[in-house]
Amino acid sequence: MDLMRPLAVVAALLAVCAAAAKGFDILQILGKHDEFSQFCKLLNETHLAGDINRDRTITVLAVANGDMGHLTSGHYSLGTIRHILELHVVADYYDEKKLKQLSHGATAASTLFQRSGFAPGMAGYVNITQHRGGKVTFIVDDAADSVKPVTFVKQIESHRYDYSVLQVSSVLSSPEAEAPVAPPVPVNLTNLLSKKYCKSFAGLLAADAKAFDTINGTKDTALTLFCPVDAAVAAFMPKFKNLTAKAKTAILLYHAVPDYYSMQFLKSNKGKVTTLATTSVAKKDYTYEAQTEADTVTLDTTVTTSTIQATVRDDDPLAIYAVSKFLQPKELFKSKTKDLAPAPAPEGPKKKTKKKPSSTSAAAAPADDEPADGPAADDSADDAADKAGAAPSLLARWVTAAATVAAALALAA
């Protein structure tokens with residue numbers, strides 16, 4: 001039996017899984033190349049980078065600094081710049097090889113501008129044409145007759161059938177994409193929360209200037225807020241009142257994520273969510289797991305599991321969802337996973353020894369971010385618990401990997 005072929009199959013599968021787990025970050029890819037710093041900067045400022053990273057089967061047509069032209073002249077608003085950049089994000093996979101093997105030498109590809117809903121007719125489509133000698137050009141369907149097509153320059157990076165980043169010679173032109181965009185209507189966060197499901201949570205935010213200013217200052221950039229419904233706040237208030245001022249701020253920030261997550265994205269993805277508390281509290285994790293079960297989005301902090309009950313707002317760059325329970329971080333409360341840990345085995349009889357008097361007080365004062373009604377263990381205890389859980393987790397991974405390899409070998413035999 002030839003073992004090389006099945007082992008190669010397994011290796012290929014593991015490579016694909018590793019690439020998928022690593023994820024796609026357009027800013028990180030372009031950040032390796034100084035010549036695309038302006039294009040990279042605009043992707044970040046328009047929040048288009050986040051949309052690109054959340055998509056799959058996508059091609060980005062990047063433009064070098066010297067070819068950005070009017071896009072960096074200050075002539076356009078940020079909303080208009082976003083529409084123009086959306087033309088540079090093709091909703092299909094094209095690498096250099098595929099571009100030069102186009103069926104019939106030409107095709108029309110949809111872009112994120114077409115998806116945005118602002119592109120009438122075919123205005124969000126880019127026509128790709130292969131010419132003699134291997135030259136490939138791009139031009140928007142509604143471009144004026146005087147506009148010259150942009151040219152494919154080189155391939156920057158690609159992951160086959162997943163994403164591709166290409167360089168083109170200049171910025172794509174489109175009358176519809178270049179049209180003025182009205183500035184967004186200012187959002188009053190307190191009023192919005194008070195009108196829909198979250199009046200009590202809005203009151204807690206308003207009473208904490210640091211938490212409110214941090215969350216309110218993020219809402220126009222990219223923010224997802226999980227606000228507990230009024231009944232959930234009422235049930236949690238006895239614990240909330242016992243928290244220190246620092247811990248109250250942290251737990252409010254724990255409900256805010258510095259990124260825009262649409263409901264569609266939440267339902268189709270799962271993983272760890274980084275919160276505003278993560279970036280505000282030093283040496284603390286303050287994350288939780290988001291996943292979907294039976295079309296219901298759940299947030300698991302290891303202390304509580306909460307579900308999304310209703311959508312208050314879902315309009316890029318701001319998403320607000322009403323959740324069933326107050327999110328309690330493991331940094332402030334005892335984790336339910338620790339509570340479920342098996343009791344230690346009974347020890348044999350020990351020799352009696354005389355106890356020496358301790359120089360420290362019998363009851364230490366609680367830490368600044370610990371609740372008065374029963375805080376979580378200190379950092380060292382948390383670290384010990386994490387290390388204790390690491391071994392079985394690693395063993396489970398090895399068992400799973402071994403089973404996968406065995407199955408692959410059996411199929412290839």
Side-chain angles (χ1 to χ4, degrees), residues 27 42-55 77-83 85-86 89 112-113 115-118 181-206 208-230 232-233 249 251-269 271-280 286-288 290 292 297 299 306-324 326-327:
L27 298 182
L42 291 179
L43 287 180
N44 186 45
E45 290 179 352
T46 59
H47 315 306
L48 188 57
D51 291 344
I52 294 172
N53 293 342
R54 287 188 286 268
D55 214 325
S77 68
L78 209 57
T80 299
I81 292 175
R82 178 185 170 98
H83 286 173
L85 290 177
E86 285 174 338
V89 186
L112 290 194
F113 183 51
R115 287 188 191 175
S116 71
F118 289 94
V181 176
V185 178
V187 175
N188 186 311
L189 191 60
T190 303
N191 289 346
L192 184 60
L193 293 174
S194 298
K195 290 178 180 178
K196 293 186 175 182
Y197 312 107
C198 305
K199 185 176 182 179
S200 298
F201 188 73
L204 294 179
L205 282 180
D208 191 314
K210 182 178 180 180
F212 179 81
D213 290 345
T214 303
I215 293 174
N216 194 55
T218 311
K219 74 178 190 302
D220 296 325
T221 306
L223 176 69
T224 299
L225 183 63
F226 299 106
C227 63
V229 295
D230 292 341
V233 175
T249 299
I251 201 169
L252 292 175
L253 293 176
Y254 188 60
H255 289 74
V257 179
D259 202 349
Y260 166 72
Y261 292 145
S262 66
M263 179 58 76
Q264 180 183 2
F265 177 78
L266 288 171
K267 287 186 175 182
S268 58
N269 292 270
K272 183 179 287 188
V273 175
T274 300
T275 68
L276 284 178
T278 307
T279 57
S280 301
Y286 281 109
T287 62
Y288 42 84
T292 301
V297 178
L299 308 173
S306 185
T307 60
I308 292 181
Q309 301 290 294
T311 299
V312 178
R313 181 187 177 94
D314 186 358
D315 187 10
D316 191 3
L318 176 62
I320 303 176
Y321 304 105
V323 295
S324 62
F326 214 101
L327 301 178

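Not measured: the values here are computed from a predicted model. Note that these values count all heavy atoms, side chains included, but never hydrogens, waters or copies made by symmetry.
Two residues are said to be in side-chain contact when any heavy atoms from C-beta on lie closer than 4.5 Å; Thr275 and Leu327 fail this criterion.
When the salt bridge (Lys or Arg N to Asp or Glu O under 4.0 Å) test is applied to Asp55, the partners found at least two apart in sequence or on another chain are Arg115. Looking at residues two or more places apart in sequence or on another chain, you find a side chain to side chain contact (heavy atoms under 4.5 Å, CB included) between Asn44 and Leu27. The ring pair (Phe, Tyr, Trp, His ring centres under 6.0 Å) search around Tyr261 returns Phe265, not counting sequence neighbours. Checked against ring pair (Phe, Tyr, Trp, His ring centres under 6.0 Å), Tyr197 has no partners two or more places apart in sequence or in another chain.
Between Thr190 and Ala202 the shortest heavy-atom distance is O-CB, 4.1 Å. Looking at every heavy atom in both residues, Val297 comes nearest to Thr292 through CG2-OG1, 3.9 Å. Across all their heavy atoms, Ser280 and Leu253 have their closest contact at OG-CD1, 3.6 Å. Thr274 approaches Val257 most closely through the heavy-atom pair O-CG1, 3.4 Å. Taking all atoms of both residues into account, the shortest heavy-atom contact from Thr218 to Leu223 is O-CB, 3.9 Å.
Remark: the backbone N or O of Ala211 is not paired with any side-chain donor or acceptor of Thr249 at under 3.5 angstrom. Remark: side-chain polar atoms of Ser324 are not paired, donor with acceptor, to backbone N or O of Gln309 under 3.5 angstrom. Put simply, the side chain of Tyr254 gets close to the backbone of Thr287: a donor and an acceptor are under 3.5 Å apart. Between the side chain of Ser194 and the backbone N or O of Asn191 there is no donor-acceptor pair closer than 3.5 Å.
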Please lay out, stage by stage, how Thr214 and Leu252 fare under the test side-chain contact (heavy atoms from CB on, under 4.5 Å).
-> CA-CA 10 Å; Thr214 303; Leu252 292 175; over 6 Å; no
For side-chain contact (heavy atoms from CB on, under 4.5 Å), just list the numbers for Ile308 and Met263, CA-CA rounded to whole Å, side-chain angles, deciding distance to a tenth of an Å, and then say yes or no.
-> CA-CA 10 Å; Ile308 292 181; Met263 179 58 76; 3.8 Å; yes
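Separation of the Tyr260 and His47 ring centroids does not fall under the 6.0 Å cut-off.
Checked against His255 for a ring pair (Phe, Tyr, Trp, His ring centres under 6.0 Å), the options Tyr286, Phe226, Tyr288, Phe326 give a single hit: Phe326. Ser262 pairs in a side chain to side chain contact (heavy atoms under 4.5 Å, CB included) with only one of the listed residues (Thr311, Asp315, Asp314), which is Asp314.
For residues 211-225, there are no salt bridge (charged side-chain N to carboxylate O under 4.0 Å, His left out) pairs, not counting sequence neighbours. The list of salt bridge (charged side-chain N to carboxylate O under 4.0 Å, His left out) pairs with a residue in residues 182-200, not counting sequence neighbours, is empty.
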